[in-house]
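Remember, it's a predicted structure, so these values are computed and weren't measured experimentally. For ligands, and for the atoms within them, numbers begin at 1 and follow the listed sequence. Values below: all heavy atoms of this structure, side chains included; hydrogens, waters and symmetry mates excluded.
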Amino acid sequence: MHDLHATSIKYQNNKLYVLDQHQLPLVENWLACESVDAMVAMIRKLQIRGAPLIGIGASLLLGHLAAQGVATVTLQSAAEILRAARPTAVNLMNNLDSMLGVLNASGPAALPAEAERLFHEDVVLCNAIATLGADLIKPNANILTHCNTGSLATVGVGTAIGVINAAHQQGKGIHVYVDETRPLLQGGRLTAWEMKQLGIPHTLICDNMAALLMRDGKVDCVLVGADRIAVNGDFANKVGTYSLAVNAHYHKVPFYVVAPNTTVDIDCMTGAGIPIEERAAAEVRGVSGSFGDVCWSPNDTPVFNPAFDVTPAALVTGWVLDKGIFNQAKIAEGVLKTL
Ligand SMILES: CSC[C@H]1O[C@H](OP(=O)(O)O)[C@H](O)[C@@H]1O
């Protein structure tokens with residue numbers, strides 16, 4: 001496979017490396033990833049995360065193994081194991097199904113090129129989304145975003161953050177409220193880091209402060225990413241997205257979901273069909289990262305820790321995809337089945 005470079009994954013001199021996002025922003029540490037077990041562990045620990053990025057990371061690992069001469073039957077088994085690493089983000093399944101299709105049709109020799117194609121495809125999709133979405137953003141807009149949807153969640157400029165950055169680059173004078181996004185703090189750790197890298201004015205808030213800002217007219221629109229979009233427009237995204245959508249609806253704040261078409265699940269009719277990952281109790285009882293490991297609740301405190309929630313299409317103003325920006329009428333016509 002050719003060398004490939006993105007913000008948080010790279011393939012260099014026939015080795016795959018992942019930027020350990022669990023340690024960001026305080027520590028920038030690249031981890032070699034040589035095996036299926038290693039990639040699965042990194043995906044499950046969110047050392048590599050983000051719907052598009054985990055699909056491409058898993059695909060690059062499979063292409064690497066094929067380039068090393070691993071046999072077809074082993075590659076097929078590896079693809080199935082990687083496909084099951086996390087249950088919600090459909091990009092993982094879509095990408096690995098593409099890889100398996102190529103493997104079964106053309107053999108291991110074709111896998112490196114397919115992995116590279118998926119990598120470059122995501123870069124193009126991110127750019128298309130950013131260009132289309134930036135037209136939605138009014139001058140001097142205050143945008144609120146949740147979790148992390150930039151170059152740490154894709155191999156391109158990102159989805160919602162790609163739109164934000166494009167509007168910033170166009171000189172629109174935007175400002176971003178960044179939800180810290182408990183429990184794993186993707187916003188406070190990763191989006192804050194990306195906003196600083198991009199030079200975008202931003203203000204970090206706790207998740208429970210978003211409604212107050214909307215009440216006071218301080219939010220002009222909400223932009224979020226997605227991990228899986230059902231055919232009817234319902235979508236799964238980081239937990240906390242649903243409450244943002246409810247508050248935005250109540251306060252009449254435009255609410256947009258931003259994603260590549262590779263996040264649409266054409267086999268999933270409604271949000272009820274989206275599997276929601278449940279994660280470890282320790283993530284809610286405290287917090288851990290390169291800043292340390294602290295637990296503030298009793299170690300047997302019962303915990304509810306869904307990694308995602310589902311937002312119904314009825315609460316969405318628009319779907320910003322690489323193929324276009326769709327309103328509820330277009331979604332109701334079934335446009336997502338035709339992408
Ligand atoms: C560009 S989509 C990123 C999407 O993935 C995140 O989840 P996680 O941090 O658990 O991988 C979050 O839902 C983002 O919206």
Side-chain angles (χ1 to χ4, degrees), residues 6-9 18-22 24 42-58 85-95 121-123 125-130 133 144-165 178-191 193-194 207 222-229 235-245 255-265 271 274-280 283-284 289 305-311 316 319-322:
T7 301
S8 63
I9 195 165
V18 166
L19 178 61
D20 183 354
Q21 296 193 31
H22 189 254
L24 285 179
M42 290 177 186
I43 289 173
R44 286 183 176 158
K45 286 162 61 178
L46 279 77
Q47 291 174 295
I48 178 173
R49 47 149 296 281
L53 183 62
I54 61 178
I56 289 159
R86 288 183 80 188
T88 305
V90 75
N91 307 63
L92 184 61
M93 298 83 181
N94 285 343
N95 286 170
E121 177 190 56
D122 189 57
V123 173
L125 295 182
C126 286
N127 288 335
I129 294 166
L144 190 144
T145 194
H146 192 67
C147 199
N148 174 259
T149 60
S151 62
L152 293 174
T154 68
V155 292
V157 293
T159 58
I161 288 179
V163 170
I164 289 167
N165 187 44
V178 176
D179 267 3
E180 70 169 353
T181 315
R182 275 284 284 155
L184 296 180
L185 304 172
Q186 287 93 326
R189 293 185 302 110
L190 306 178
T191 298
W193 182 79
E194 285 203 61
D207 305 333
V222 177
L223 297 185
V224 297
D227 291 82
R228 191 182 303 223
I229 304 174
F235 72 98
N237 195 51
K238 185 53 51 195
V239 63
T241 301
Y242 173 57
S243 58
L244 271 184
F255 181 93
Y256 295 99
V257 54
V258 186
N261 74 79
T262 48
T263 303
V264 174
D265 182 353
I274 301 177
I276 299 298
E277 178 186 5
E278 295 269 348
R279 292 186 60 86
E283 294 177 356
V284 175
N305 186 16
F308 304 97
D309 55 27
V310 174
T311 297
V316 181
W319 291 255
V320 182
L321 308 183
D322 50 281

Query raised in the report: CD1 of I56 to CD of E121: how many Å apart, nearest 0.5 Å?
Result: 7.5 Å
Query - R182: partners by salt bridge (Lys or Arg N to Asp or Glu O under 4.0 Å), with sequence neighbours left out - result: none
Query raised in the report: Do R189 and N148 meet the criterion of a side-chain donor-acceptor pair at a distance under 3.5 Å?
Result: no
Show me the donor-acceptor pairs, under 3.5 Å and distance only, between side chains in residues 255-262 and residues at least two apart or in other chains.
{"from": "N261", "atom 1": "ND2", "to": "D322", "atom 2": "OD1", "distance (Å)": "3.3"}
{"from": "N261", "atom 1": "ND2", "to": "D322", "atom 2": "OD2", "distance (Å)": "2.9"}
{"from": "T262", "atom 1": "OG1", "to": "N91", "atom 2": "ND2", "distance (Å)": "3.3"}

Ligand 1 N/O to protein N/O, distances under 3.5 Å:
{"from": "ligand 1", "atom 1": "5 (O)", "to": "D227", "atom 2": "OD2", "distance (Å)": "3.1"}
{"from": "ligand 1", "atom 1": "9 (O)", "to": "R49", "atom 2": "NE", "distance (Å)": "2.7"}
{"from": "ligand 1", "atom 1": "9 (O)", "to": "R49", "atom 2": "NH2", "distance (Å)": "3.3"}
{"from": "ligand 1", "atom 1": "9 (O)", "to": "Q186", "atom 2": "NE2", "distance (Å)": "3.0"}
{"from": "ligand 1", "atom 1": "10 (O)", "to": "R86", "atom 2": "NH1", "distance (Å)": "3.3"}
{"from": "ligand 1", "atom 1": "10 (O)", "to": "R86", "atom 2": "NH2", "distance (Å)": "2.8"}
{"from": "ligand 1", "atom 1": "10 (O)", "to": "K238", "atom 2": "NZ", "distance (Å)": "2.7"}
{"from": "ligand 1", "atom 1": "11 (O)", "to": "G50", "atom 2": "N", "distance (Å)": "2.8"}
{"from": "ligand 1", "atom 1": "11 (O)", "to": "R86", "atom 2": "NH1", "distance (Å)": "3.1"}
{"from": "ligand 1", "atom 1": "13 (O)", "to": "D227", "atom 2": "OD1", "distance (Å)": "2.5"}
{"from": "ligand 1", "atom 1": "13 (O)", "to": "N237", "atom 2": "OD1", "distance (Å)": "3.1"}
{"from": "ligand 1", "atom 1": "13 (O)", "to": "K238", "atom 2": "N", "distance (Å)": "3.1"}
{"from": "ligand 1", "atom 1": "15 (O)", "to": "N237", "atom 2": "OD1", "distance (Å)": "2.5"}

**Report entry** Atom pair CG/NE2 of L185 and H22 - distance to nearest 0.5 Å
**Finding:** 9.5 Å
Query raised in the report: In chain order, what residues pass the salt bridge (Lys or Arg N to Asp or Glu O under 4.0 Å) check against E180, with sequence neighbours excluded?
Result: none
